Asks: 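Encoded as structure tokens, here's the structure I'll be asking about.
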Amino acid sequence: EVQLVESGGDLVKTGGSLRLSCAVSGFSFDDYAIGWFRQALGKEREGVSCITNNDGRSYYTDSVKGRFTIYRDAAKTTVYLQMNNLKPEDTAIYYCAADSPGDVVGALRGIKYSLKYWGKGTPVTVSS
């Protein structure tokens with residue numbers, strides 16, 4: 001059974017940090033790119049960051065560049081999203097998803113969202 005399980009969401013103050021984890025099981029970790037997406041209340045889901053499996057490149061949406069870092073640990077089959085200098089506008093449910101590198105990067109850029117595997121999300125709340 002394929003599973004993507006997010007964890008690490010919490011309530012933090014503006015300027016604080018969190019590290020989200022996306023633990024993957026049920027498929028070969030090296031076969032898929034992983035992306036992080038978020039959906040705030042009343043808003044559409046948006047791409048946050050992704051990391052490819054074939055060349056390890058990372059991508060970020062403009063609003064998080066310089067604050068968020070995505071990285072993968074193959075030994076733990078986990079992708080992490082380190083979030084620093086958090087802002088109230090980062091408040092959302094954060095989801096990880098897996099698919100081919102082209103599709104995940106495309107989803108990050110808002111071209112498509114029908115990725116193959118999704119987790120159930122972890123909530124992040126940033127208080128002002």
Side-chain angles (χ1 to χ4, degrees):
E1 180 188 5
V2 172
Q3 283 191 314
L4 283 76
V5 180
E6 303 93 338
S7 62
D10 206 342
L11 169 65
V12 295
K13 294 183 179 179
T14 297
S17 296
L18 285 174
R19 188 182 75 165
L20 304 185
S21 301
C22 173
V24 170
S25 62
F27 62 79
S28 176
F29 187 69
D30 290 335
D31 287 348
Y32 291 91
I34 303 291
W36 283 97
F37 301 83
R38 66 187 180 186
Q39 188 166 18
L41 191 64
K43 295 186 177 181
E44 293 187 354
R45 188 163 53 193
E46 65 170 344
V48 177
S49 179
C50 68
I51 187 164
T52 58
N53 53 310
N54 49 353
D55 56 10
R57 292 184 65 179
S58 56
Y59 300 81
Y60 301 91
T61 193
D62 286 346
S63 63
V64 308
K65 285 180 180 177
R67 300 189 298 124
F68 291 11
T69 303
I70 190 170
Y71 59 101
R72 49 190 281 144
D73 184 334
K76 295 183 179 180
T77 62
T78 298
V79 172
Y80 300 95
L81 185 68
Q82 177 67 43
M83 307 189 297
N84 298 327
N85 191 22
L86 283 160
K87 303 176 181 180
E89 51 263 43
D90 295 317
T91 295
I93 305 294
Y94 283 70
Y95 303 87
C96 61
D99 209 322
S100 68
D103 284 351
V104 174
V105 173
L108 180 71
R109 294 173 175 167
I111 299 172
K112 69 171 292 185
Y113 278 114
S114 56
L115 300 180
K116 194 167 186 177
Y117 303 117
W118 286 88
K120 295 182 179 180
T122 185
V124 172
T125 303
V126 185
S127 64
S128 57

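Owing to the predicted nature of the structure, the values given are computational and were not obtained by experimental measurement.
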Asks: For the NZ atom of Lys116 and the OG atom of Ser100, what is their distance to the nearest 0.5 Å?
Replies: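 If I round to the nearest 0.5 Å, the distance is 9.0 Å.
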Asks: Are the side chains of Thr14 and Pro88 in touch, meaning some heavy atoms are under 4.5 Å apart?
Replies: yes
Asks: Any cation-pi pair here, Arg38 with Tyr94, using under 6.0 Å and within 45°?
Replies: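 Geometry flag: not set, cation outside 6.0 Å or 45°.
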Asks: Strictly below 4.0 Å, N to O, side chains only: are Asp90 and Arg67 in salt-bridge contact?
Replies: yes
Asks: For Trp36, does the six-membered ring have the charged nitrogen or CZ of Arg45 within the cation-pi criterion, i.e. under 6.0 angstrom from the centroid and within 45° of the normal?
Replies: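 Judged by the rule (NZ or CZ under 6.0 Å from the ring centre, within 45° of its axis), Arg45 is not positioned above Trp36.
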Asks: Start with the C-alpha gap between Tyr95 and Val48, add the side-chain angles, then the distance that decides, and say whether side-chain contact (heavy atoms from CB on, under 4.5 Å) holds.
Replies: CA-CA 10 Å; Tyr95 303 87; Val48 177; over 6 Å; no
Asks: Asp99 and Ser114: which non-hydrogen atoms are nearest, and at how many Å?
Replies: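 Scanning both residues completely, I find the closest heavy atoms to be OD2-O, 4.1 Å.
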Asks: Just so I know, are the side chains of Ile34 and Val24 near enough to count as touching, which here means a heavy-atom distance under 4.5 Å?
Replies: yes
Asks: Would you say the side-chain atoms of Thr91 pair up with the backbone N or O of Glu89, donor to acceptor, closer than 3.5 Å?
Replies: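 Such a contact is absent between Thr91 side chain and Glu89 backbone.
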Asks: Identify the heavy atoms of Leu108 and Ser49 that sit nearest to each other, and give their distance.
Replies: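 Nearest pair, atom of Leu108 first, then Ser49: CD1-N, 3.3 Å.
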Asks: Write down the atom of Ala33, the atom of Pro101, and the distance for their closest heavy-atom approach.
Replies: CB-CA, 3.7 Å
Asks: Let me confirm one number: the CG-OH distance from Leu81 to Tyr71, rounded to the nearest 0.5 Å.
Replies: 9.0 Å
Asks: Can you find a heavy atom in the side chain of Val105 that is under 4.5 Å from one in the side chain of Cys50?
Replies: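 Heavy-atom side-chain distance check passes, below 4.5 Å.
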Asks: Which heavy-atom pair separates Gly121 from Ile93 by the least distance, and what is that distance?
Replies: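 Shortest heavy-atom contact: CA-CG2, 3.9 Å.
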Asks: Please determine if Arg72 and Asp30 form a salt bridge, counting it only when a charged side-chain N lies under 4.0 Å from a carboxylate O.
Replies: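 Salt bridge between Arg72 and Asp30, a charged N being under 4.0 Å from a carboxylate O: yes.
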Asks: Minimum heavy-atom separation for Ser17 to Val12, with atom names?
Replies: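 Closest approach of Ser17 to Val12, heavy atoms only: O-CG1, 4.1 Å.
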Asks: Just wondering, do Asn53 and Phe29 contact through their side chains at under 4.5 Å, heavy atoms?
Replies: no
Asks: Would you give the length of the straight line joining atom CD of Gln3 to atom OG of Ser25, rounded to the nearest 0.5 angstrom?
Replies: 4.5 Å
Asks: Working to the nearest 0.5 angstrom, can you tell me the gap between Thr69 OG1 and Asn84 CG?
Replies: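 Going from OG1 on Thr69 over to CG on Asn84, the span is 6.5 Å.
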Asks: Is it the case that the side chain of Ser58 and the backbone of Ile51 share a donor-acceptor pair, with hydrogens and angles ignored and the cut-off at 3.5 Å?
Replies: no
Asks: Check whether Leu18 and Tyr60 end up in the same hydrophobic cluster, where Ile, Leu, Val, Met, Phe, Trp and Tyr are linked by side-chain heavy atoms less than 4.5 Å apart.
Replies: yes
Asks: Can you tell me how far apart CH2 (Trp118) and SG (Cys96) are? Round to the nearest 0.5 Å.
Replies: 9.0 Å
Asks: For residues Thr122 and Gly9, report the shortest heavy-atom separation together with the two atoms involved.
Replies: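 What the structure gives for the nearest pair is OG1-N, 3.0 Å.
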Asks: Looking at the rings of Phe27 and Tyr32, which for Trp means the six-membered one, are their centres under 6.0 Å apart?
Replies: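 Under 6.0 Å, so yes.
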Asks: Among the clusters formed by ILVMFWY side chains lying less than 4.5 Å apart, do Val79 and Tyr59 turn up in the same one?
Replies: no
Asks: Taking the side chain as C-beta and beyond, is there a heavy-atom pair between Phe37 and Glu46 under 4.5 Å?
Replies: no
Asks: If you define the side chain from C-beta out and look only at heavy atoms, does anything of Met83 sit under 4.5 Å from Val124?
Replies: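 Yes. Closest side-chain heavy atoms under 4.5 Å.
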Asks: Testing the 3.5 Å rule here: is there a donor-acceptor pair between the side chains of Thr78 and Asp73?
Replies: no
Asks: Any side-chain heavy-atom pair from Ser21 and Tyr80 closer than 4.5 angstrom?
Replies: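 Answer yes - side chains close enough.
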Asks: Nearest 0.5 Å, please: how far is OG in Ser127 from CG in Leu86?
Replies: 10.5 Å
